Student: 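Below is the structure I would like to discuss, written out as structure tokens.
The shown structure was predicted, so the numbers you read here are calculated from the model rather than taken from an experiment. Numbering of residues begins at 1 and proceeds along the displayed sequence.
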Amino acid sequence: MKRSFILFVMVFLLIGCQEKVKTTTACVGVEQGILVNQELVAIDDRITSAVITNTYPFELYQIDNKNESQVKLLVDSLEDQLYMDKFEGYQCEISQDSTGITVKVEVDYVLADMNKLREIGLISGSSDEVSLKLTVNNLEKVGLSCHNN
């Protein structure tokens, strides 16, 4: 009886004390001419945060970067498609340089309201956890290359 109790305690400690594995996965590529870079931080299979950076090259839209009205039209178009208001766990910024416009979205899935993320189209499904494995599979299906850092 004493031996089975000790065995039970040892198994419980081994299972209960397993350290969770934190990984950072980078997914990069070009999707429809847009340069895509996603950095996903996960604990085990649950993504806890993400930085999504998309660069829209001026040449893709046949825009002269010196033509302010053309650049403004592209920026306005992107702002119309994106959720620009900041809330806890979410922010979106747009910047530009001589080659294009960059949209950077930062999400903390632990802090953010998951229903709000669904509402703005950043996540789908009913789960309050975002799977690293499923996300990487979906990103690779659209042609991005993913690797752990």
Student: Taking side chain as C-beta onward, heavy atoms only, is Asp85 less than 4.5 Å from Tyr90?
Tutor: no
Student: Using the side chain to side chain contact (heavy atoms under 4.5 Å, CB included) rule, pick out the option among Gln62, Lys66, Glu68 that qualifies with Asp64.
Tutor: Lys66
Student: Are the side chains of Ile94 and Glu79 in touch, meaning some heavy atoms are under 4.5 Å apart?
Tutor: yes
Student: Once you round to the nearest 0.5 Å, how far does CZ of Arg46 lie from NZ of Lys22?
Tutor: 13.0 Å
Student: Can you tell me how far the CD atom of Glu106 sits from the NZ atom of Lys86, to the nearest 0.5 Å?
Tutor: 9.0 Å
Student: Would you say the side chains of Asn65 and Ser98 form a donor-acceptor pair under 3.5 Å?
Tutor: no
Student: Is there a side chain to side chain contact (heavy atoms under 4.5 Å, CB included) between Glu31 and Leu144? Walk through the geometry before answering.
Tutor: CA-CA 8 Å; Glu31 184 180 355; Leu144 272 63; 4.3 Å; yes
Student: Determine whether more than 12 heavy atoms belonging to other residues, nucleotides or ligands lie under 6.0 Å from atom CD of Glu140.
Tutor: yes
Student: Could you give the distance from CG (Asn137) to OG (Ser131), rounded to the nearest 0.5 Å?
Tutor: 8.0 Å
Student: Below 4.5 Å, heavy atoms only, C-beta onward: do Val41 and Ser49 meet side chain to side chain?
Tutor: yes
Student: Cut-off 3.5 Å, side chains only: do Asp97 and Ser95 have a donor facing an acceptor?
Tutor: no
Student: Evaluate the criterion side chain to side chain contact (heavy atoms under 4.5 Å, CB included) for residue pair Leu78 and Asp80; output intermediate values, then yes/no.
Tutor: CA-CA 5 Å; Leu78 290 170; Asp80 288 345; over 6 Å; no
Student: Can you find a pair of side-chain heavy atoms, one from Ile101 and one from Phe58, that are under 4.5 Å apart?
Tutor: yes
Student: With no hydrogens and no angle check, do the side chains of Thr55 and Thr102 hold a donor and an acceptor under 3.5 Å apart?
Tutor: yes
Student: In the structure I gave you, are the side-chain heavy atoms of Val136 and Thr25 within less than 4.5 Å of one another anywhere?
Tutor: yes
Student: Salt bridge check: are Asp128 and Arg118 linked by an N-O gap of less than 4.0 Å?
Tutor: yes
Student: Should Val105 and Val30 be counted in the same cluster of Ile, Leu, Val, Met, Phe, Trp and Tyr side chains packed under 4.5 Å apart?
Tutor: no
Student: CE of Met114 to CD of Glu129: how many Å apart, nearest 0.5 Å?
Tutor: 8.0 Å
Student: Could you point out which residue of Ile123, Thr48, Leu122, Leu40 forms a side chain to side chain contact (heavy atoms under 4.5 Å, CB included) with Val130?
Tutor: Ile123
Student: According to a hydrophobic-cluster definition based on side-chain heavy atoms being under 4.5 Å apart (Ile, Leu, Val, Met, Phe, Trp, Tyr only), do Val51 and Leu117 belong together?
Tutor: no
Student: Apply the test side chain to side chain contact (heavy atoms under 4.5 Å, CB included) to residues Asp113 and Glu88: give CA-CA distance (whole Å), side-chain angles for both, the deciding distance (0.1 Å), then the verdict.
Tutor: CA-CA 8 Å; Asp113 179 340; Glu88 184 176 30; over 6 Å; no
Student: Just wondering, do Val103 and Cys92 contact through their side chains at under 4.5 Å, heavy atoms?
Tutor: yes
Student: If I take atom NZ from residue Lys20 and atom CG from residue Asp44, how far apart are they, to the nearest 0.5 angstrom?
Tutor: 6.0 Å
Student: Got a sec: does the NZ of Lys104 have more than 12 other heavy atoms crowding it under 6.0 Å?
Tutor: no
Student: What distance separates Ile52 CD1 from Glu39 CD, expressed to the nearest 0.5 Å?
Tutor: 11.0 Å
Student: Do the non-hydrogen side-chain atoms of Ile63 and Leu74 ever get within less than 4.5 Å of each other?
Tutor: yes
Student: Is there a side-chain contact between Phe87 and Ile120 (heavy atoms, below 4.5 Å)?
Tutor: yes
